[in-house]
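Reviewing the structure listed below.
Given the structure is predicted, the values throughout are model-derived calculations rather than measurements. All chains are named by letter (A, B, ...) in the order of the sequence lines, taking the proteins before the strands, and each is independently numbered beginning at 1.
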Protein chains: 2
Amino acid sequence: MKHDLRVVKTQESLRHALLELLKQKPLESITVAELCRLAKINRGTFYSHYKDVHEVFRRYLEVIVEDFRKAYEEPYRKTGFKIENIKSGMIQIFHHVKKYQDFYQIVFDKRIPLMYYYLLFDTVRSFMKESLAQSLLDSTYSAQTEYLLSYQTNAILGLLLEWHRQEYNTPATELNEHLITILSLNSPFRG
Amino acid sequence: MKHDLRVVKTQESLRHALLELLKQKPLESITVAELCRLAKINRGTFYSHYKDVHEVFRRYLEVIVEDFRKAYEEPYRKTGFKIENIKSGMIQIFHHVKKYQDFYQIVFDKRIPLMYYYLLFDTVRSFMKESLAQSLLDSTYSAQTEYLLSYQTNAILGLLLEWHRQEYNTPATELNEHLITILSLNSPFRG
DNA sequence: AAATATAATGAACATGTGTACAATAAAATT
DNA sequence: AATTTTATTGTACACATGTTCATTATATTT
């Protein structure tokens, strides 16, 4: 009774229908009704699984964001958490975003709720926090640190935001260089 | 025929009704129908002025964001655009946000479209860009600069985001100090 | 295979959305 | 003050939302 086949079938149908509709129209204009029509799922059934169309998208996005986390982690792994030794070629996040450009275009769309942005934000921030905890003494950790973390996290997301505005035309490799340059100017965690 | 009194009356009624409803419930749950009922405005009339409830809020918020811009400008004015001489007491943005906390709580709510965030972002970024243009040679300006601007702009907004998560409990004066400390670590525009 | 559990369906209901249009009311213009 | 202009109203319509509940279908368990 763990994975009822009927439930699996229903959710797969809905997810598949959503991806199909996203090829045709923006997420914000997709209604529960048409999603159910296409998926051949009763609307009442939909509501027993999801609150709204966003929830279908969010569950799918969570898988992608997990991949984002891994991409973000990469330079930390490569440098053995000596992040000051980072090299441009180690950066994977921009390649990741480019790979899932269709999704990030939705995430950064002005009509879309902040919720997805926060999903990214939390992912980056929690990883940054962990890696900072390793390299910092407990005594130096303060309320200041929380703000510094959010400052730095959001700065990184600012690059993605700008990329989005440039319609993802800048090559990922160029963004890698930009990030390295910025990081060499801004080194908040040094000393 | 510039300012038809009927139009003014209608828009004032709707704005007043919105502020009234916001005392009771989140923006996302306010419907056009109930807004019109409270404002005693025909629903058809509503649609001849606004696309949706968000548009009523957005127009109101634009006034507040203009005040935000002035608050952001303050240290630049006080230092005569020698921003490296900034002192904690010159910073006004956090006082501004605290003053309009009720609105910023909405802007940063996870259910709210990114559009309002972009309103803030664009305000900060365009000002930063102007003030940077003054202190920079034309030749040093490049695509890199666009990314650096978005990086720095979003970093500042990261502080507001963290403040929101801390439910605005941190005193504004403490945030001033945090910002000064961070800026003294991060000085991307020096030299 | 039969019994049991439960997910999915279909129908209904009150309310909201977005649009259209003729009738009315209230402005601005003369 | 009379005329013209136009904003607002009332009504209607097709469709969407979110919920409820009895019925049916299809899993899982025995």
Q.
When you group the ILVMFWY residues by side-chain heavy-atom contacts below 4.5 Å and let the links chain together, are A:Phe127 and A:Leu157 in the same group?
A. yes
Q. Mind checking what makes side-chain contact (heavy atoms from CB on, under 4.5 Å) contact with A:Ser29, not counting sequence neighbours?
A. A:Lys25, A:Pro26
Q: Under the side-chain contact (heavy atoms from CB on, under 4.5 Å) rule, collect the residues that match up with B:Lys87, sequence neighbours excluded.
A: B:Met90
Taking atom [atom2] of [N] as reference, at what distance in whole Å does atom [atom1] of [X] sit?
X	N	atom1	atom2	answer
A:Asp4	C:dA8	CG	P	7 Å
B:Tyr50	C:dG18	OH	P	16 Å
A:His3	C:dA7	NE2	P	14 Å

Q: Mind checking ring-ring contact (aromatic ring centres under 6.0 Å, His included) for A:Phe81 and listing every partner two or more places apart, or none if nothing turns up?
A: A:Tyr76
Q.
Under 6.0 Å between ring centres: does that hold for A:Phe103 and A:Tyr60?
A. yes
**Q.** nucleotides 8-20 of chain D: protein proximity per nucleotide (B base, S sugar-phosphate only, - neither; heavy atom, under 4.0 Å)
**A.** SBB-----SBBB-
Q. At what angle, to 10 degrees, do the two end axes of the helix from C:dA1-D:dT30 to C:dT30-D:dA1 meet, given five pairs define each axis?
A. 30°
Q) Are B:Tyr147 and A:Thr170 linked by a side-chain donor-acceptor pair shorter than 3.5 Å? A) yes
Q. Judged by atom type as modelled, is there a donor-acceptor pair below 3.5 Å linking the side chain of B:Arg125 to the main-chain atoms of B:Glu146?
A. yes
Q | Pairs involving residues 109-118 of chain B, ordered by first then second residue, that meet side chain to side chain donor-acceptor pair (under 3.5 Å) (sequence neighbours left out) | A | A:Asn154-B:Tyr117, B:His54-B:Tyr116, B:Asp109-B:Arg111, B:Tyr117-B:Asn154
